[in-house]
Participant: 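My questions all concern the structure below.
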Amino acid sequence: MKVNKNYAALEKSYLFSEIAGKVREFSAKYPDRKVYKMGIGDVTLPLVPAVTQAMLSAAEEQGNAKTFHGYGPEQGYAFLRDAISSYYRSFGVSVDSDEIFVSDGAKSDLGNILDLFDADNTVLIPDPVYPVYVDTNRMAGRKIIFADALESNGFLPMPDERQEADIIYICSPNNPTGAAYDRPQLANWVQYANKRGAVILYDAAYESFIGDPSLPRSIYEIEGAKECAIEFCSFSKTAGFTGTRCGYTVVPFALKREAMSLHDMWLRRQSTKFNGVSYVVQKGAAAAFSAEGLRQIAENISVYRENARLICATLDRLKIWYTGGQNSPYVWMKCPDRRDSFTFFDFLLQETGVVGTPGSGFGKNGEGFFRLTAFSDRDTVSAAMAEFQRLFA
Ligand code: MLT
């Protein structure tokens, strides 16, 4: 018996588990100190009424022999895939319902999609970025190269013809930096991928935070993207489903490599290894994209946007450099006094009880930066910003 030795190449624990551990230690040591959690990007507002009502009546259906549902269709119920397809149409993108696969969230699909690709491929990952891309490829022993996301390029690296990538990760609006590609920039990536025969894995989990209409909400707004890109999205940040779990992945019919359809391969993979998302949750997700649901989730998103505005206003006042917070729930700030990210994390927690995420946890280029999330509740954000004002003024 041999274990997968690639696990030995991983950091000891997943970034957000490590942060949670540090916070637990702090609270155990100082039980009377208040902690303001602005670390992991977890939503705090409850599910909207349209969603909970739909889930309640779906639960009733499941308790009645006449309306009970067993295993659902492999790609997800048509009522949900149609709702997702019309959501895409609302911002001008045409995605066929049959190109959509319903899942339990973007994180699982982003990892699982790697089943479709040979271990020999070279993977291009921006640095800094959501740690799941690096960890899942390390687990599979793939060669990883990095695209530097730096202050000098607005944290939006562009393709470099000298980099020979087969699989390319793009997250826009970006986690952690909040930077978002515009259409010409994304068109460059699509061109590069099509020229090389590479595949783009496009993480659109934060698209609902884009307020600027000049920015794309989906890679399929770009011509040629259906020939090279798979898009991952989720109800987590859009509709508060982090604890309810539902996401969707679009694998276009047009995406073919080595005479194989990636759509058919993904269907084969999912129908073999995944039994779908519960009927009750899919009903709730579809309700989030109903007219009433969309109105209600927009209200929640505007609360988080206002949180981001409050964070940015405080940093402006304190003259602390930051980016993000505009078309993104994340604010990416420079650690004051040139502290490194983890030293600043400890200092801030100790002095104020505010928890953020050290930038270096997202990659080496994140060193010296710190991420704050706007998903916390308003009282936490206000109290945390008052602490910032007290400490840094
Ligand atoms: C984050 O804080 O980066 C996110 O919550 C991670 C996730 O969505 O899994």
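First listed ligand is number 1; within each ligand, the first listed atom is number 1.
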Participant: Could you list the atoms of ligand 1 found under 4.0 angstrom from a heavy atom of N175?
Facilitator: 1 (C), 3 (O)
Participant: For atom 9 (O) of ligand 1, find the nearest protein heavy atom and state the residue, atom name and distance (0.1 Å precision).
Facilitator: Y130 OH, 2.5 Å
Participant: Side-chain contact test, heavy atoms from C-beta onward, threshold under 4.5 Å: evaluate it for E18 versus K12 and give yes or no.
Facilitator: no
Participant: Under the side chain to side chain donor-acceptor pair (under 3.5 Å) rule, what do Y88 and E231 come out as? Steps first, then yes or no, please.
Facilitator: CA-CA 12 Å; Y88 270 107; E231 181 160 294; 2.6 Å; yes
Participant: With distance as the sole criterion, is a donor-acceptor pair present between the side chains of R268 and T272 under 3.5 Å?
Facilitator: yes
Participant: State whether K364 and E367 are salt-bridged, where the test is any N-O pair (Lys NZ or Arg NE/NH1/NH2 against Asp/Glu carboxylate O) under 4.0 Å.
Facilitator: no
Participant: When you look for heavy atoms under 4.0 Å from ligand 1, do you find them on the side chain of Y330, its backbone, both, or neither?
Facilitator: side chain
Participant: So for ligand 1, is R371 a polar contact partner (N or O within less than 3.5 Å, distance only)?
Facilitator: yes
Participant: I need the atoms of ligand 1 closer than 4.0 Å to a non-hydrogen atom of K237, numbered in the order shown.
Facilitator: 4 (C), 5 (O), 7 (C), 8 (O)
Participant: G41 heavy atoms, cut-off 4.0 Å: which ligand 1 atoms fall inside?
Facilitator: 1 (C), 2 (O), 5 (O)
Participant: Number the atoms of ligand 1 from 1 as they appear, then name those within less than 4.0 Å of a heavy atom of F16, with their elements.
Facilitator: 1 (C), 2 (O), 3 (O)
Participant: When you measure from the side chain of Q282 to the backbone N and O of Y77, does any donor-acceptor pair fall under 3.5 Å?
Facilitator: yes
Participant: Identify whether NZ of Lys or CZ of Arg in K226 sits under 6.0 Å from the centre of the six-membered ring of F253 and within 45° of that ring's axis.
Facilitator: no
Participant: Where on I40 is there a heavy atom closer than 4.0 Å to ligand 1, on the side chain, on the backbone, on both, or on neither?
Facilitator: both
